[in-house]
There are 2 protein chains.
Amino acid sequence: MSATIKDVAKHANVSIATVSRIINKKPGFSPETEQKVLDSIQALGYQPNALARGLINKDTQTIGVLFPAVSNMFASEVLSGIEEYANEMGSSVIVCNTAEDGERTLKYLQVLSEKRVDGIIIVSEYIKEEYYKALSEMKIPKVLVSSISFEYPIPYVKVDDRHASFSAVNYLIGKGHRKIAMIAGNSTDPIAGVPRIEGYMAALRANGIEPSNDMIIHCDGFGHKDGVQAMKDIMDRDMDITAVFASSDELAVGAMSHAIRHGIRVPDDLSVMGYDDTKLAEMMIPSLTTVAQPLYEMGLMAATMLFDMKSSGAVIESRIMNHKIMERETVKNLL
Amino acid sequence: MSATIKDVAKHANVSIATVSRIINKKPGFSPETEQKVLDSIQALGYQPNALARGLINKDTQTIGVLFPAVSNMFASEVLSGIEEYANEMGSSVIVCNTAEDGERTLKYLQVLSEKRVDGIIIVSEYIKEEYYKALSEMKIPKVLVSSISFEYPIPYVKVDDRHASFSAVNYLIGKGHRKIAMIAGNSTDPIAGVPRIEGYMAALRANGIEPSNDMIIHCDGFGHKDGVQAMKDIMDRDMDITAVFASSDELAVGAMSHAIRHGIRVPDDLSVMGYDDTKLAEMMIPSLTTVAQPLYEMGLMAATMLFDMKSSGAVIESRIMNHKIMERETVKNLL
DNA sequence: CTGAAAGCGCTAACAT
DNA sequence: ATGTTAGCGCTTTCAG
């Protein structure tokens, strides 16, 4: 096995306490012994054992992050922000793919608890009672990203979905669109579903347009396939619209894809607007006009809040991040 | 603090050894005591401390994964595969974003070493001498994904890039294309650069076409921007081509994007082929014909190899995964 | 400035 | 079947 603090102490002819002080830069040693010990550390290739340290310090320099899925642009951009800040703070991040499965989530929570992580970030997940129970048993900071809990007091960082959705639809209306369908994703989703539909309806009403339930397409999820399916629906029903607003970029892209394949030109025949502003939106052809959530910054912010809570011991207040309309090429100006 | 094994022992009126046996299902206890202890565990909400365990067992149930960047489809699909298998094996995965930075990589290696991870997977990175030095000091399994080291004996899982590239270009030629440019990405990259260029040239030669260096566009990296820039180059030079083969999907998409914006129709005026088969390829409009690397499976395989090495103690052999031409919509049949 | 010794929470002999 | 005890590698009083 690799060298331990004992080996170093022996090699340098000092006590392990002295070595420990030097490693941790705690006062109480002379420059000479320091050099001696440093040399020994070098010579032996000593590396402190983080487990032993964590056991005593109650501080593992590790945080856990839960995602419903890791392989999509949304998750990876948020993760990127979290990782960046954690790294700056000298912490590692354990990724957990819950696959939106309750048991799997609980199991992960259990593991993170046993590993004594310093904090937990939960992305895009609704907090069920069992989760909260497990979560609150571990007395560590936690923060939600792109999610919110109405029942439980967990700070979150998200955009105002209702408002963002309102802005998007309002933008569309500002461009002269009045017949706007919405691809709502999973409309039972309390975070990404409901508020965005509300925003859509509110924007319509604010502009004197009475929303129709027929114009809201409900899907299983927020993925590309769902978008394709939704557009198929729209076309099958021969819906009379000039624009469609989707609850996610993937949804929008899937919809565009189906439409274009069937001879509908975007934006000439149909305007499309997405939600999220993942990298996909700008890579698309035509590039997708969408409402941006600052994904990377949200990850960064969540991590910042987590570490702030860790050091202050207090619960920090939630943050509503600014959304922004990213004007690109998929919305036609009708005026 | 949370309950320890001692608390459980006291509560159940047994010794900690007995509790330990029961937790770990090691023989040597009666059903009655088992129930008693289980009840106490329940009552106290006891959770074994993974740090203390790891300290003794020399087994942390944690692996580390290094990526040059986390926020792209390539990385996230590989990660997804790794996470899946690790989870099945009861391990957690720590993600490390090296940002292609030597110091940062070394620092991460150091951290993973101190945390005593059970193994390390390195994705899409060239192994520098300093990395190998750090890596070999930790006596744990490591495997490379989509990379290879010629100098050092680290098992890898990748596709045969030269062959895959050959197949792609050969496919293009089979469709009647003879004037084919290549967007090579970073052509100094020993893994994703050089072999793919070689494959391109070999395919050309095998079909009696003499490759021209002018037709190979060198970029900084493999991203979307690089693709846009490359196509700008191609168009500025008024290159006489019917098809372009790119070293990554993002490159291909960027190129398509620029071309289409400038009135070039894909595939009518220009055929485009990518490399990787990330989800981006199928979401693109028109969907991108590309050579597929089984990203998720590669992650899964790498993790499998890692755990196999861990349990067998032996170094396992590398795997060349099958690539596959994904015929979609961006290649025109000229015949 | 330095060392001895007591744990952190757990596992694994070694008793009984 | 169960308990005692010695560590795992480290930090931290408490002495000197």
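Values below: all heavy atoms of this structure, side chains included; hydrogens, waters and symmetry mates excluded. All chains are named by letter (A, B, ...) in the order of the sequence lines, taking the proteins before the strands, and each is independently numbered beginning at 1.
- Near DNA chain C, meaning a heavy atom under 4.0 Å from it, residues 31-45 of chain B has no residue at all.
- Here the rule is side chain to side chain contact (heavy atoms under 4.5 Å, CB included) with A/Phe29, and of A/Ile22, A/Val37, A/Val19 only A/Ile22 fits it.
- Atom CG in B/Leu55 sits about 9 Å away from atom C1' in C/dC8, given to the nearest Å.
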Between B/Glu100 and B/Lys128, is a salt bridge (charged side-chain N to carboxylate O under 4.0 Å, His left out) present by the stated rule, with each step listed?
CA-CA 11 Å; B/Glu100 300 182 80; B/Lys128 299 189 196 168; over 6 Å; no

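- Within a heavy-atom distance below 4.0 Å of DNA chain C, no residue of residues 134-142 of chain A is found.
- Under the 3.5 Å distance criterion, the side-chain polar atoms of B/Asp161 are left unmatched by any main-chain donor or acceptor of B/Ala192.
- One atom, NZ of B/Lys10, and another, P of C/dC10, lie 13 Å apart when rounded to the nearest Å.
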What pairs of nitrogen or oxygen atoms, one from the protein and one from nucleotides 10-14 of chain D, lie under 3.5 Å apart?
| residue | atom | partner | partner atom | Å |
| --- | --- | --- | --- | --- |
| D/dC10 | OP1 | A/Tyr46 | OH | 2.5 |
| D/dC10 | OP1 | A/Asn49 | N | 3.0 |
| D/dC10 | OP2 | A/Ile5 | N | 2.3 |
| D/dT11 | OP1 | A/Asn24 | OD1 | 3.3 |
| D/dT11 | OP1 | A/Asn24 | ND2 | 3.0 |
| D/dT11 | OP1 | A/Arg53 | NE | 2.8 |
| D/dT11 | OP2 | A/Ser20 | OG | 2.8 |
| D/dT11 | OP2 | A/Asn24 | ND2 | 3.4 |
| D/dT12 | OP2 | A/Lys26 | NZ | 2.9 |

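- B/Ser91 contributes no side-chain N or O that, together with a main-chain N or O of B/Asn87, makes up a donor-acceptor pair within less than 3.5 Å.
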Between B/Leu144 and B/Ser149, does a side chain to side chain contact (heavy atoms under 4.5 Å, CB included) hold up when you go through it step by step?
CA-CA 8 Å; B/Leu144 266 27; B/Ser149 177; 4.2 Å; yes

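- Rounded to whole Å, the distance from CD1 on B/Ile22 to P on C/dA12 is 15 Å.
- Checked by atom type and distance alone, the side chain of A/Asp276 never pairs as donor or acceptor with a backbone atom of A/Thr278 at under 3.5 Å.
- Applying the side chain to side chain contact (heavy atoms under 4.5 Å, CB included) test between A/Gln61 and each of A/Asp59, A/Asn57, A/Ile63 identifies A/Asp59 as the sole match.
- To the nearest angstrom, P of D/dT2 lies 9 Å from CZ of B/Phe29.
- Side chain of A/Ser20 to main chain of A/Ile16: no donor-acceptor pair is present (N/O by atom type, distance under 3.5 Å, no hydrogens or angles).
- The closest donor-acceptor contact from the side chain of B/Asn49 to the backbone of B/Leu51 lies under 3.5 Å.
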Could you walk me through whether B/Glu83 and A/Arg104 satisfy the salt bridge (charged side-chain N to carboxylate O under 4.0 Å, His left out) test, starting with their C-alpha distance in whole Å, then the side-chain angles of each, then the deciding distance to 0.1 Å, before giving a yes or no?
CA-CA 13 Å; B/Glu83 201 275 348; A/Arg104 187 157 165 165; 3.0 Å; yes

